[in-house]
Amino acid sequence: MLTSLSLVFLLGMLLSQAFQKIRLPGLLGMLLTGMILGPYALNMLDASILGISADLRQIALIIILTRAGLSLDIQDLKKVGRPAILMCFVPACFEIVGMVLLAPRLLGISMLDAAVMGAVVGAVSPAVIVPKMLNLMEKGYGVRKSITQMILAGASVDDVFVIVMFTAFTGLAQGGRFSAGSVLSIPVSIGTGIAVGGVTGVLLARFFQKIHIRDSAKVVILLSISFLMIDLENRLKGCLPFSGLLAVMSIGIALQRKRHEAAARLSVKYSKLWVAAEVLLFVLVGATVDIRYAWEAGAAAVILIFGVLIFRMAGVFCCLLKTELNRKERFFCMIAYMPKATVQAAIGGVPLAMGLGCGKIVLTVAVLAILITAPLGAFGMERTYKRLLKADCP
């Protein structure tokens, strides 16, 4: 395990720096590291690391979403209003509809199988989007019009919506029924996650105010509570819809509102944690990618991915109608909502494991979606934000 971790960090950081030197996103190097070291290439990662890969990736997500919450001013988000809410689900709906319309024609699968595939591919990656939005917020790009805050929040909620839809579609594919309860669970999971996280954050703010402890100790407490939120989500499955990741982000938001100075210091601590967590996350995502599936897919699957991306971008455009954003800013939002990685790596293989007939093609398209959209979205944001967004005072 120690050797594997050494290879992950050293090679991951080396290739990340190499890609940045040639003006490409560093995450490309990390993904490539995972693909090289993973079980489908050189197979140099210990089985113990691969066995807990999902948990390690979740820890990395917790770190970046907590940092996002600590940096997100809810008042800025309220200024955006309607578009911020629409961005949480409309682009994903457009993409799922696009998949249902295009996949049967391009891949010869049923509409239900296409819906399952759409739910897998339809989620954006907060692991790609959130760090970039935080970076732009620090630089002051798009802050005045709350563009970065809107994208940051929308990308986090988008995943909850898509995963619930995925559960509903796979249940239907296994012979179940598409119930109203499955749709109702979406707002319930969002509401309970925000409520529990908000209350916990307020209580933590009061605790930190009364009991003076080092910021490093506060980080340990905050991380521990975040882990418990994820465990609570797993324990409540089947009983009460609850989003652990949204709760984690809400804790950070509540702390930011109640203890602004402490939240700013904690955000700095989390940004240091993210240096290691980022490498771990993207290398392990890369390790889940079986390049053989990508080769088997053919041109039709590639055309399909670009086709549904157009649907997603159209969905983002509709969300931003009648806003004060100009054409350049709207185009940046469309680019920012492209990357896919973590959700596809997490659930791409589930239909195959469930024995669904569409399992292999769903996994194939999920792998291709990661390989195409994560680099494309990250590269697009990196190369266009100075041209498309205005630099305001942070």
Using atom types as modelled and distance alone, determine if a side-chain donor or acceptor of [X] lies under 3.5 Å from a backbone N or O of [Y].
X	Y	answer
Thr288	Val285	yes
Thr192	Pro241	yes
Glu138	Asn135	no
Ser267	Ala264	no
Gln344	Ala369	no
Tyr337	Phe332	no
Arg206	Val202	no
Asp46	Ser4	no
Thr33	Val283	no
Thr66	Gly252	no

Minimum heavy-atom distance between [X] and [Y], given as atom pair plus value:
X	Y	answer
Gly142	Leu389	N-CB, 4.2 Å
Val162	Ala92	CG2-CB, 3.6 Å
Ser250	Gly193	OG-O, 4.1 Å
Pro339	Gly377	CG-CA, 3.7 Å
Arg235	Asp231	NE-OD2, 2.6 Å
Ile52	Met1	CD1-CE, 4.4 Å

Going by distance alone, is a donor N or O of one side chain under 3.5 Å from an acceptor N or O of the other, for [X] and [Y]?
X	Y	result
Lys139	Tyr385	yes
Ser71	Arg67	no
Ser189	Ser243	no

Carefully, step by step, assess Glu278 and Ile64 under the rule side-chain contact (heavy atoms from CB on, under 4.5 Å). CA-CA 9 Å; Glu278 180 184 29; Ile64 194 57; over 6 Å; no
Within a radius of less than 6.0 Å around [atom1] of [X], do more than 12 heavy atoms belonging to other residues, nucleotides or ligands occur?
X	atom1	answer
Met354	CE	yes
Phe9	CZ	yes
Arg330	CZ	yes

Side chains of [X] and [Y]: does their closest heavy-atom pair fall under 4.5 Å?
X	Y	value
Met338	Leu309	yes
Ile361	Asp113	no
Met133	Leu136	yes
Val220	Ser224	yes
Ile213	Ile211	yes
Val279	Ser16	no
Pro375	Leu28	yes
Glu233	Leu246	no

Flag the pair Asp215 and Lys269 as a salt bridge only when some basic side-chain nitrogen lies within less than 4.0 angstrom of an acidic carboxylate oxygen. no
For Met249 and Leu152, what are the C-alpha separation, side-chain angles and deciding distance, and is it a side-chain contact (heavy atoms from CB on, under 4.5 Å)? CA-CA 11 Å; Met249 190 171 175; Leu152 190 154; 3.1 Å; yes
Between Phe311 and Phe94, is the ring centre distance below 6.0 Å? no
Do Glu324 and Arg144 pass the salt bridge (Lys or Arg N to Asp or Glu O under 4.0 Å) test, and can you show the C-alpha distance, the side-chain angles, and the key distance before you say yes or no? CA-CA 11 Å; Glu324 63 174 1; Arg144 187 179 64 81; 5.1 Å; no
Could you walk me through whether Lys340 and Asp159 satisfy the salt bridge (Lys or Arg N to Asp or Glu O under 4.0 Å) test, starting with their C-alpha distance in whole Å, then the side-chain angles of each, then the deciding distance to 0.1 Å, before giving a yes or no? CA-CA 10 Å; Lys340 304 167 190 298; Asp159 286 358; over 6 Å; no
So if you build clusters from Ile, Leu, Val, Met, Phe, Trp, Tyr with side-chain heavy-atom gaps below 4.5 Å, do [X] and [Y] land together?
X	Y	answer
Leu240	Leu232	yes
Tyr40	Val365	no
Leu5	Leu42	yes
Phe306	Val121	yes
Leu273	Val268	no

Could you check Lys132 against Glu382 for salt bridge (Lys or Arg N to Asp or Glu O under 4.0 Å), going step by step and ending with a plain yes or no? CA-CA 8 Å; Lys132 188 60 187 176; Glu382 183 63 33; 2.5 Å; yes
Roughly how far, to the nearest 0.5 Å, is [atom2] of [Y] from [atom1] of [X]?
X	Y	atom1	atom2	result
Leu70	Ile251	CG	CD1	10.0 Å
Ile221	Ser216	CD1	OG	11.0 Å
Leu228	Thr200	CG	OG1	10.0 Å
Ile305	Ile372	CD1	CD1	4.0 Å
Ile151	Asp158	CD1	CG	12.5 Å
Ile310	Leu102	CD1	CG	9.0 Å

Show your working on side-chain contact (heavy atoms from CB on, under 4.5 Å) between Leu14 and Gln17 and close with a plain yes or no. CA-CA 5 Å; Leu14 178 65; Gln17 287 296 315; 5.8 Å; no
Apply the test side-chain contact (heavy atoms from CB on, under 4.5 Å) to residues Val219 and Leu222: give CA-CA distance (whole Å), side-chain angles for both, the deciding distance (0.1 Å), then the verdict. CA-CA 5 Å; Val219 169; Leu222 198 50; 5.6 Å; no
Cation-pi check, Lys386 onto Tyr141 ring (under 6.0 Å, within 45° of axis): no
